[in-house]
Every structure is written in C-alpha cells, then in structure tokens.
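These notes concern the structure reproduced below.
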Amino acid sequence: MNWRHWLRRNDREANLERELSFHIEERVADMVRSGVSEEEARRQVRLEFGAAEQVKDECRDVRPARWAETFVQDVRYAWRNLRCNPGFTAVAIATLALGIGGLTAMFSAFDTILIRPLPYAKPDRLVMVWDGQSKTDDRTKSFPAPAEWYEWRRLNTVFTDIASTQPTDATLSGDAEPEQVPARKTTGNFCSVLGVKPLIGRAFNDQEDRDGARVAVISYGLWQRRYGGSPDVLGRKIDVNDTPYEVIGVMPREFYFLPARDIDLWMPASFPDEMRKNFGWHDEEVVARLKAGVTRGQADRSMAALSLQMTAKDFSGPHPTIVTSLREDLAGKTQTALVVLLAASAALLLIACVNLANLLMSRGLSRGREVAVRVALGAGRGRLAAQFLTESLVLSGLGAFAGLALALPAMRFLASLVPETMGPVRLTLDWRVLAFSAAAAIAAALAFGVAPALRGSRTGPQDGLREGGRGAAGARSYWFQHSLIVMETALAVALLTSAGLLLETFRHLRNTDLGVRREKLLTFETPLFRYGDFGRRDAFLSAILEKIRAIPGVINAGATSRLPLAPNETAATFYWISGQPRERIRDQVAIIRLVTRDYLPTIGARLREGRFFEVADRQSDAQVAIVNESFANRNFPGRSAIGAQFKFGRTGNKGYWYRIVGVVKEIHEVGMEEVARPVVYSLHEQGSDQLMIPPGGIAVRTAVEPAAIVSAVRQAIWSIDKNQPIWRVQTLDDIFARQLTTPTQSTALMGAFALLALLLASVGLYGVLSYAVTQRTGEIGVRMALGATSRDILLTFGRRGLALTLAGLAIGLTLSAVASRFLNALLYSFRPDLIPTITGVSLILLGVAALACLAPARRASRVDPVVALRSE
Amino acid sequence: MASSKSDLPQGTLDLLILKTVALGPVHGYAIAQRLQQISRDVVQVPGGSLYPALHRLETRKLLAAEWRQTASGRDAKFYRLTRSGRARLETETANWKRLSETVGLILGMAEGGAQ
C-alpha cells in the first residue's frame, strides 16, 4: 500500500460511477429509441441492472488491498459510533488505560532490570560462585576465601576463567581534598572474565596482580569528578590510603559490578602467599565465565563436587559451592518482586478486558436493531464481526495512548525499584516498551473483542427488527456474562489477598524491633587504616568521641566495626565455649563486633541480663564480652550466660578467654532478615583482637535533629586530624527506609493494583446487573402485576449478585492460596497469618459487591408494572 | 446472481468477455450488447455480474482499460486485451473445446448405452 493508491482512490470512485452511469444511459437511450417512454425505460434498466450501489461494491471488492479500505472505513465507523456514546467510551478507555498503563510501566521496569543485556560480553555465560553450607539442603550463599578462588581456578573443568573481587576502603588524598571512595580489590583477570575494556587506558593483568604492582583503574564518575575528565589522568600517581598508585585506565560510564553501583576504584588484589593457603578468611565475590556448552546446572554440580573434595579434611567440615547466574545476583530480591508485580498488573489488565467484554456484550445486545438493519442491507457475518473487532481495536488503541500517559509518572516511581547493584539505570519509554504496549493493546482488543463480536454478529435480521425486539438476550448470554463476572471477581480477590499479605509483611517489617532506638541516631564512617597501631587508634577514637559528645545537642557517641542493618556480613567467626567438646566448634559461628564502651548505650540497646561495658573493664586483664539473646539462648538454654567463658576461632590452647558480662536483646546487625544470628560484642578499649575490623562506624545519639549537628561533627573530627575522611553520613532512619524500599514499593503497587481490580470488578457487577434489570423490565412488570412484592424483586436480583460474588470469592481464595506460595520470597521469611487477610478481603468484597448490586436491584424493585407493561 | 434464460457455468463469463474484447477495444455496454446479440438472447449478462468481472480481469492485468470517446462523442471506458489476456484466451479456449468435446462424447455414449 502506498500513498499514490490513496490519492488515486477518489479518482477511481469517480470513474466507477462514470462507467456504470454510461452503461445505464446507453441502455436507456437504446430503449427510448425502440419506442419505450424514458420513464419506463429507466424503471426497466434499474430492474435488470440491479442495485447500482451493490454493483459498485462488488467492483470495489475485486480491487487489491481492498481489506485496507474496508479497515479504514470500519475505523471511521467505529470512531463515529464511539463518539455517539461518550459515557461508554470514557469508561472503556479509562478501564483500558489503567490496565495497559500499569502493565506497560511494570514491563519497562522488568525489561530494564531483567531482560536488557548487562554491560559485559555475553553476560548470560557469567556466573557467580559462592560457598555453600555443610548441610547440602541449605542453599544459603556465603563468601568464598581467596584460597578457594586460587584452588578453583587451578582445578575447575567448567569455566574458561574465574576472577575474584573483595571489598576494600580507599582514601584518596594528596592531589585534592581527602576523599573516601568505595573500592574493590580484584584479581588480574577480572576485566577479561567479564569481557570489558577500559574506556581509555588498560586494565591490570595477572602479572601485575602477582607482583603487587601499585596500579589502579578508576570509574568514569571519579574521573569526571576528581580529575575533570582529562585523558592525562593516565599515568598519574594518586595517593590511595597514603600509598602512591598509578592510574592506568578509566572504566566506561555504564560499567558496574557487585555489590553496588558506586565502586570508584579497582586495584590488584595481590593476595599475600599465606592467603593462598588460608581457608578461613571469607570475603571474596567470585565471578566465572562458563566454558562453551557447559550449563549453569552442570557447573553447579561440578564445582560442588570439587569443593567437597577440596574441603574434605576442613576442620569445619566439607562444604559444596553454589553457582548462580550473575543476573540473579545483581537483581536480588527485586527479581521476585518484579515477577509478582508484573503478574499482578497482567491480572489487572485481564480484569479490565473481562469488564470490557461484558460491557461490549451488553452493548452488542442492545445494538441488536442496528445489527439487524445492517444484516438486512446485506452485511455478511464476517463483515459484521470484523466491524465489531475494529471497534475494539480502536478502543484499545485509545486506551493504550491514555495508558502511556499514565505509565510515564508510574515509571518514575518504579525507578526506585532498580536494585543498587544494577548501576544508574533509568526507565525510559523506548521502542521495546512501546512495542510491548502495542502488543498488549492488540491482545487486549482480541481478548475483550472476540466474544462480543462473534455474538453480536449472530443476530438475524428478523430478530432485531421485530417490533419491541431486543435482540438475542437468551439464557446463554447471561451464563457467559456471569462467568466473566465470576472470573474477574476471582482475580480481584487474588490480588486483594496478595496485597493484604504484603501489607501485613510490610507492617511487620516497619514494626520490627531493631533492638535499637532508630530515632535521632546519626551514623557515619571514618576509615582507620592510618591508625593501624592500637595505641594511636584508641587515642584517636577517644579524642573524637569526646569532642563529639561535647557538641551541644549530642547525648552520647560510640564506635563499632559495623553499623546496624549492614547489607551483608563477612565477619563471622567460629567460637568455642569453655567446657564444650572441641568438635562442637565447627557448628558454631558468631558475628563479631568490636565496639567502644559507650556504643551499646548510645544506639539504645537493651540489656536482658548483666551489664554494659564499664570504664573499669579497660584496665582489667580479663577479656569481657557482651552477647546477644540468640547467642545466650543457643548456648545456655534455660540458664544465665553471665560469667560463662568462650574463645574465638581455631586458636586451640592459645587465644584469650572471653567472659560474658551482659546479654542484650537482639540487634538487627544484618539487613532486615528474620533469622536471628548469634552476635558477640567485644570491647575495643581492651585492645585484644587485632584480627577484627577496627571500629570505624560511629553512632551519635542526639537530642536535636541529627542533620543539625553534621557540620559540627565534621569540625570536631577535623580539629583532631584534618586529613581524616568522613563518609556515608546518614541517620539510622535513612538506612532503615532504604532497606524497606522494595517492600514499600511492592506493597504500594500491589495495593494500587488490588484496589483498581476491586473497583473494576464491582463496576462490572453493577453493569451486568443494571443491564439485566433493563432487559427484564417487562418480565418484572408482569411478575409485579401477578402479585410479586418489590421485596421479592429486590431479593431476586440481590441473590443473583450475591451468588456471583460468592462464586468469585471462592475461586479467588483458591487462587490466592496458590499465589501466596509465590509471594513467600517477597515476605522476608515472615509467615503472615492468612486468616485475618482473608476475612478482611471477604468482608470488603461483600461490602463493595452489595453496593454494586443495590442500585440496580432497587431500580428493579421500583418498576411500575403499568409503565413496564405499556413499554412492552 | 447471473440469471436469465440460461445460467452460465462457473468461469465461462470471463472467457466470453475475453473473446468479445479480443475483437477490438470495446466498452462495457457494448460487451453486454454483443454477448446478447451473438448468443441470440440466450446469454444475458446483468450489470451486476459484468462489471465486477471486468474489474477483476483488469486487476489481474488480463484486460487494460482507457477512457475514450465513443462514436456518439461520449466518454466511455474501453477495454482491450493485454498480451497475457490473449494468452489466457487461447489456453481457455482450447480447454473449453476439449471439455465440451469430452462432455459431448460422454453424453452421446450415455445415450447409446441406454438404447
């Protein structure tokens, strides 16, 4: 089809007209010549030639691309038709816009996070390798040790290569203000495994990694920010933790990798020799590229076998590995949330379609006469069905446009669902999303258009043209419409229940007892690498904490090796309680936190028994420790933990005995997860354990708004050391809110979908009942004339509405039971009680349904028999 | 739709039109007239069948059309045979002859067999 065709179209119509009228005129002229009067001749010619319009139409039918002309005609007709029914059209478009808009927005998030290729070469061949647990059915992932990476790389048979990275702190100084940046140490093959190349310069290699070369690759962001984006940054010496490193490359802007988008610096890991044999220090993230033809499943089994063999003689028992796809690790929990929400939005669109099918069906029945006239004028059934379907397409096209307008703001909201690990991505309306939206619109048009089109086109001319005829409103069409209502009610119930469960979980998460008081608690981090010596570190910490406490509005301050709600945990250690058999040690792991004396009171920890650390502990030779409830309950069930002694690690007869002086209520050290883990708090001031992470996380309890004292805190620290970097300044409330982003968003979205579904379902119920009342006015009139009271009539319609609702509710609750299984992953291992949610949903649904039934049922009960029968 | 004194078998109308047009450029009315005259009124083609058939043949490029003046000075759409139209006419004519001979043969035989 080209434009010339359209230009020629009018021309062609005129010629057709001319050709036929020439024929008729010639024939008339011939007959007149043979002596017939002109009037009579014309009459006869009309009879023998047939209906001119029909002949024209048959001539048009043989043209190529005739369907396109028909389609355009149908679209025009549909448009006129829709404009004549603005109420119906507005409801239909709004319904579709909600459905298509919701699905489009969800798809854009889904596409961005789960479908679009990651910024690596052949990203689907990349996997992460984690340590498994000694119990093989437990798929909890933990960080491997450098020694494991080393052995895996040497012995594996399934990967082309394996790289490893570990977190590190980096303070940039020398060339400008000191700046703390997130950094990673990586093995020399990191870039080659991922298949990425620096934007400028080069990456470091295995040789440099082995030799401990002082070279670094920086991020695009850091390059722009600190070095003005100048290419002469290559070869430049920068001070990283007071050591000069040479910048040899800048990564591309879109590059990111676990664990977060904001890594600014990559340096060679250069594991010292003892690390290659030490299986105890677990802080690696290992990424590998599958060999051609090897599946993730095969790699998982092969690596698990290798690891079990490697760790057979390990003192904590052999453990397997877990091989996961890289994308899965990047998307994390968001993946499940997205799948669930995408399914919910699809369900919403389905409800919208069901609703529209019902509306169109009712409308099709009341359009019986129009259809009958067209059938009488010679329209075929296919032609009619095509016309009806075109109307649906026009509707859903308009709905899709309106939906896109709704999707845009929704996408802004959804952008916060993108997990931190995915890097700075924005959701955009690109061609993929538009194509998806168009496909959704067409699918929707078919879903809601086909049944009414087939049904509507079935009308025979005599049905509709009968005086007072109302088309084919037989029992079958009620049956069909009723099952549609039941279906949409069921879907709405499933969505409502899911939303209810999420809401329960969300409320539960919000009310989680973190074991600390989150209000007015300022936190920040300050790296202590320049205070490696205990004496200096202790003096520095005491000095800054003293200064901070002196700031007006500050109540107390303390330091810890990691602040609460940490995103993940690497510092877990084996322990052994005095009096236990030695082999118990391999089952006992605790998280350790090195804290200053005032830290626990500062964050608002609560004692279950015993005491907090005291000034006197500092001078004491005996090491003291405070443990959490899990530790106490696990090791001292039913008795007091106070006074008990334990040791860390595999120190054998060496190492200090720690004496437990206090037990605190559970503090959420790691994320929002449900599982409680044993935690040990040991006192930094006692200077005992150099292996632990130094307490660079500072918590400040304030009486005023925490934001008001931030600059005073900075000044306090800089007055002691003007080169000391301070970063990640945030309140515990901020950290908490960020942890809840995904649940907040999922709950809000699910809630919105569920409410819309409820609205649509009740509109549908209302529509069907209203329609039934209108259709049956005559029948109602007869029944009332025969003595039925208006109460009887009210009950008839009320019962029908109730029956439909109850059927929908029953099916919906069954669906919910299935859906809640998929939801589990979103519920943070929290098992909400189903009963209150189900009760609530049932009550809400019945209430709304009662309202939707009431109006039409009352209208039916008020039918005046005289009026009704007269209208018949 | 094609009715009157004799119904034409399926596809025959196209063949008759092609044959009529083969004699020289001619407009639709003249085709109808000629068919009627030559067949001595046995074949009457109503406009409702003729024009769709003409347009179909034109679409298939078996006929070409142009607007010309008639002897009486009126504008009319004249059809003429294209090269592929002529080829089609030849094959169709041959087919028709073979078919009608065969049908005749069978009918003659059947009569003989009944006796």
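Residue numbers begin at 1 in each chain, while the letters A, B, ... track the order of the sequences. As the structure is a prediction and not an experimental result, all values here were calculated from the model.
- In terms of heavy atoms, H23(A) sits closest to A32(B) at CE1-CB, 4.2 Å.
- Looking at heavy atoms from C-beta onward, L16(A) lies out of side-chain contact with Y51(B) at the 4.5 angstrom threshold.
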Going through the checks in order, is the side chain to side chain contact (heavy atoms under 4.5 Å, CB included) test met by F22(A) and K77(B)? CA-CA 9 Å; F22(A) 171 80; K77(B) 192 177 178 187; over 6 Å; no
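- A30(B) does not touch chain A: none of its heavy atoms, backbone or side chain, sits under 4.5 Å away.
- Contact residues of residues 26-41 of chain A toward chain B are E26(A), R27(A), D30(A) (heavy-atom distance under 4.5 Å).
- Using a 4.5 Å cut-off between heavy atoms, Q33(B) touches chain A through its side chain atoms alone.
- For F436(A), the CZ atom counts as densely surrounded, since its 6.0 Å shell holds more than 12 non-hydrogen atoms of other residues, nucleotides or ligands.
- Heavy atoms from other residues, nucleotides or ligands lying under 6.0 Å from CZ of R88(B) number 12 at most.
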